[in-house]
> 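The structure under discussion is supplied below as structure tokens; questions concerning it will follow.
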Amino acid sequence: MPRRHLRVLGAPEAPLRAALRALRGELGVPDAFPLQVLVEAEHAAKSPRLPSYDATDIPLFTVDPPTSTDLDQAMHLSRRPGAAGGRGYRVRYAIADVAAFVTPGSALDAETHRRVTTLYFPDGKVPLHPACLSEGAASLLPDHTRPAVLWTLDLDADGRTVGIDVRRALVRSRAKLDYASVQKEIDTGTAEEPLALLKEIGHLRERLEVERGGISLHVPEQEIVERDDIGGRETPGAYALELAYRAPLPADTWNAQISLLTGMAAAELMLGGGTGILRTLPAAPDGAVGRLRRTATALRIDWPHHVSYASLVRALDPHEPRHAAFLQECTTLLRGAHYTVFRDGALPGITTHSAVAAPYAHCTAPLRRLVDRYTAELCLATVAGTPAPAWVLAALDPLPDEMSGGSRLAGRVERECVDLVEAALLGDRVGEVFDGWVVDVEEERNGRGEPTSGIVQLESPAVIGRVDARDGTPLPLGERLRVRLTQAEPGVAKVRFVPA
């Protein structure tokens, strides 16, 4: 699909900034950290609780977006010594140890429970922890010794987990890599073995995902990108934003498999220990799958009854517009995920995440997500054979509601920000005609059984907006449609179209 970056410059900038400020107020987004919290964070940054085990000899590396500084994870991949026939793998995955800095019951701890998750806006983020921790002393930045929760996951030749260990350790990352450079090194054969194994292990884990019936959706994302290479800007403090469609690189998916592997290991440990908090998702109801089959028919996607949903999705190409539209609809089956607490061996009715097709837990992003700090402590206690800390057990029951509230806010922030940027980009183009694809239609129909509104994805710029049907003009799901922009004003009117 053709893609073109657009920039927010000149006139759109001021209304967009004002709309973003208003959005923060409307959503009740936390503002600056209280002074006491900042004082505690600065003190913790200078004197964290350090573990005795030294693993700084492991040459870890991170894989993140190029501008990221809040680095939760670092990895090292190797062939496993002593494996049968010399085959097998060892995954070492270091996760930032937030508990080394945050004291239970402190003002800093209370503030993280108020914020729950890091929120991302086009003009900056609202972090879960003060920057001196999340982008400094706790972040796994290269060439800095850091406290971490170090996972060692031994895999057999097929990529199956055969051993799990987790302990606190001092670690030192050697390199900060990004997805594009990782992909290039692996594709050109210039990657050294610890990095080259990301592809090998990633493929093995993807095969196991297929085997157990799991699914990873590779939906092209609508991304807000800040540009810092705009020349000739004369306005102090000016910034440039673009919207772009981004389909995941293979390196993204291989990296995600390492995180999934660790989350599954965490769930296994907690289930074995009898106390924990899982990320669960029930199987989609038959009605939802039936609706998806009707969508596939409308998009002219062949879905034989003997082919499973997971098998179909894996065969789709996210760069093909009809497939991209169907993948977007597939996300409806992933709604309804929960955090599920269990204690003292009394397991919950649902222990699995249907998309992962296995028990799963969030544990790899503690700098940006509250629950991960607690998951780490429960896993550490299980491996050590010790009781979970009292402060962890006391916080478990409220955590699902806290996380659900934080997730809802983060989702709304993301949606509203994209809407604002779209309106800013197109504010002076009302009346223009664009080429796009109808990627969704509403259930509501007119007297002739035709949908009255839907969603259109423009080919260029990377905008997704509502399209309202006009008398006599159908909304053909999955088909190309020329549309006219009827409204766009940041903070006032979201982008809307009608068939041209």
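Numbering of residues begins at 1 and proceeds along the displayed sequence.
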> Among residues at least two apart in sequence or on other chains, which ones pass side chain to side chain donor-acceptor pair (under 3.5 Å) with Thr297?
none
> side-chain contact (heavy atoms from CB on, under 4.5 Å) for Phe121 and Arg24? Distances and angles first, verdict last.
CA-CA 9 Å; Phe121 287 81; Arg24 284 176 166 86; 3.5 Å; yes
> Side chains of Thr275 and Thr382, heavy atoms from C-beta outward: is any pair under 4.5 Å?
no
> Going by the rule side-chain contact (heavy atoms from CB on, under 4.5 Å), which residues pair with Thr386 if we only count those two or more places apart in sequence or in a different chain?
Ala381, Ala384
> Yes or no on ring-ring contact (aromatic ring centres under 6.0 Å, His included) for Trp391 and Tyr374, after CA distance, side-chain angles and deciding distance?
CA-CA 9 Å; Trp391 61 269; Tyr374 291 88; 5.4 Å; yes
> Please tabulate, one pair per line, all N/O donor-acceptor pairs under 3.5 Å involving side-chain atoms of residues 194-204, not counting sequence neighbours.
unit_1, atom_1, unit_2, atom_2, d
Glu200, OE1, Arg79, NH2, 3.2
Glu200, OE2, Arg79, NH1, 3.1
Glu200, OE2, Tyr89, OH, 2.4

> For Thr103 and Arg49, does a side-chain donor sit closer than 3.5 Å to a side-chain acceptor?
yes
> Going by heavy atoms in the side chains, are Leu271 and Phe342 under 4.5 Å from each other?
yes
> Rounded at 0.5 Å granularity, tell me how far CG in Asp440 sits from CD in Gln457.
11.5 Å
> Would the number of heavy atoms belonging to other residues, nucleotides or ligands and lying under 6.0 Å from CD of Glu193 be above 12?
yes
> Quick check against the 3.5 Å criterion: does Arg80 have a side-chain atom that pairs as donor or acceptor with the backbone of Leu155?
yes
> Shortest non-hydrogen contact from Pro30 to Arg114?
CB-NH2, 3.9 Å
> May I ask you to say whether Lys184 pairs ionically with Asp187, meaning some side-chain N is under 4.0 Å from a carboxylate O?
no
> Should His76 and Ser78 count as side-chain neighbours, where that means a heavy-atom distance under 4.5 Å?
yes
> Is the shortest side-chain heavy-atom distance between Phe101 and His43 below 4.5 Å?
no
> Looking at Phe33, I'd like to know if the NZ or CZ of Arg115 sits under 6.0 Å from its six-membered ring centre while staying within 45 degrees of the ring's axis.
yes
> Take Cys379 and Met270 through the test side-chain contact (heavy atoms from CB on, under 4.5 Å) and record every step on the way to the result.
CA-CA 6 Å; Cys379 293; Met270 290 187 292; 4.0 Å; yes
> Thr280 and Thr340: side-chain donor and acceptor closer than 3.5 Å?
yes
> For the atom pair CD (Glu377) and CG (Asp372), what is the distance rounded to the nearest 0.5 Å?
12.0 Å
> To check you understand the geometry: which heavy-atom pair defines the closest contact between Leu260 and Ser216, and what is its length?
CD1-OG, 4.4 Å
> Do Arg168's NZ or CZ and the ring of Tyr53 fall within the cation-pi criteria of under 6.0 Å and 45°?
no
> Donor-acceptor pair, Asp109 side chain versus Gly105 backbone, under 3.5 Å?
yes
> Are Arg207 and Asp158 within salt-bridge range, i.e. N to O under 4.0 Å?
no
> Is there a donor-acceptor pair under 3.5 Å between the side chain of Asp54 and the backbone N or O of Thr56?
yes
> For the backbone of Pro282 and the side chain of Ser354, can you confirm whether one donor and one acceptor N or O come within less than 3.5 Å of each other?
yes
> Check the pair Glu185, Val182 against side-chain contact (heavy atoms from CB on, under 4.5 Å), reporting the backbone distance first and the verdict last.
CA-CA 5 Å; Glu185 284 192 47; Val182 166; 6.0 Å; no
> Let me check something: any side-chain donor-acceptor pairs from residues 411-420 under 3.5 Å, sequence neighbours excluded? List them with distances.
unit_1, atom_1, unit_2, atom_2, d
Arg412, NH2, Glu26, OE2, 3.0
Arg415, NH1, Gly411, O, 3.4
Asp419, OD2, Lys494, NZ, 3.4

> Just wondering, do His129 and Val98 contact through their side chains at under 4.5 Å, heavy atoms?
yes
> Can you check whether Ala96's main-chain N or O pairs, donor with acceptor, with Asp72's side chain at less than 3.5 Å?
no
> Evaluate the side-chain proximity of Thr253 to Glu206: yes if any heavy-atom separation is below 4.5 Å, no if none is.
yes
> Going through the distances and angles, do Ser311 and Ser308 end up as a side chain to side chain donor-acceptor pair (under 3.5 Å)?
CA-CA 5 Å; Ser311 298; Ser308 70; 2.9 Å; yes
> Is there a side-chain contact between Val166 and Ile95 in this structure, where contact means two heavy atoms from C-beta onward sitting under 4.5 Å apart?
no
> Kindly list each side-chain donor-acceptor pair under 3.5 angstrom involving residues 357-364, sequence neighbours excluded, with atom names and distances?
unit_1, atom_1, unit_2, atom_2, d
His362, ND1, Tyr339, OH, 2.8
Thr364, OG1, Ser259, OG, 3.0

> I need the Arg408 CZ to Leu27 CG distance, nearest 0.5 Å.
13.0 Å
> Check Thr67 against Lys176 and note the closest heavy-atom contact, atom names and distance.
N-NZ, 4.4 Å
> Using modelled atom types only, decide if a donor and an acceptor are shared between the side chain of Glu422 and the backbone of Ile464 within a distance under 3.5 Å.
yes
> Please check this pair: side chain of Asp64 against backbone of Ser68, looking for a donor-acceptor N/O pair closer than 3.5 Å.
no
> State which residues pass side chain to side chain donor-acceptor pair (under 3.5 Å) with Arg167; sequence neighbours excluded, sorted by chain then number.
Asp165
> State the CZ-CG distance between Arg314 and Leu217, to the nearest 0.5 angstrom.
10.5 Å
> Between Ser139 (side chain only) and Leu71 (backbone N and O only), is there a donor and an acceptor less than 3.5 Å apart?
yes
> Decide yes or no for Leu170 and Pro51: does some side-chain heavy atom of the first lie under 4.5 Å from some side-chain heavy atom of the second?
yes
> How close do Val421 and Pro122 get, heavy atom to heavy atom, and via which atoms?
CG2-CG, 3.9 Å
> Taking all non-hydrogen atoms of both residues, which atom of Asp143 and which atom of Arg174 are closest, and how far apart?
OD1-O, 4.2 Å
> At what distance, to the nearest 0.5 angstrom, does CG of Leu316 lie from CG of Leu312?
5.0 Å
> Is the Lys NZ or Arg CZ of Arg92 less than 6.0 Å from the centre of Trp151's six-membered ring, within 45° of the axis?
no
> Just by modelled atom types, is the Pro127 backbone N or O under 3.5 Å from a matching donor or acceptor in the Arg368 side chain?
no
> Any chance you could lay out the side-chain contact (heavy atoms from CB on, under 4.5 Å) test for Trp303 and Phe326, step after step, and finish with the verdict?
CA-CA 12 Å; Trp303 186 357; Phe326 184 74; 4.0 Å; yes
> Taking Leu140's backbone N and O only, do any of them form a donor-acceptor pair with Arg172's side chain (distance below 3.5 Å, no angle check)?
no
> So which atom in Asp178 and which in Pro65 form the shortest heavy-atom distance, rounded to 0.1 Å?
CB-C, 4.5 Å
> To the nearest 0.5 Å, what is the distance between CZ (Arg21) and CG (Leu23)?
12.0 Å
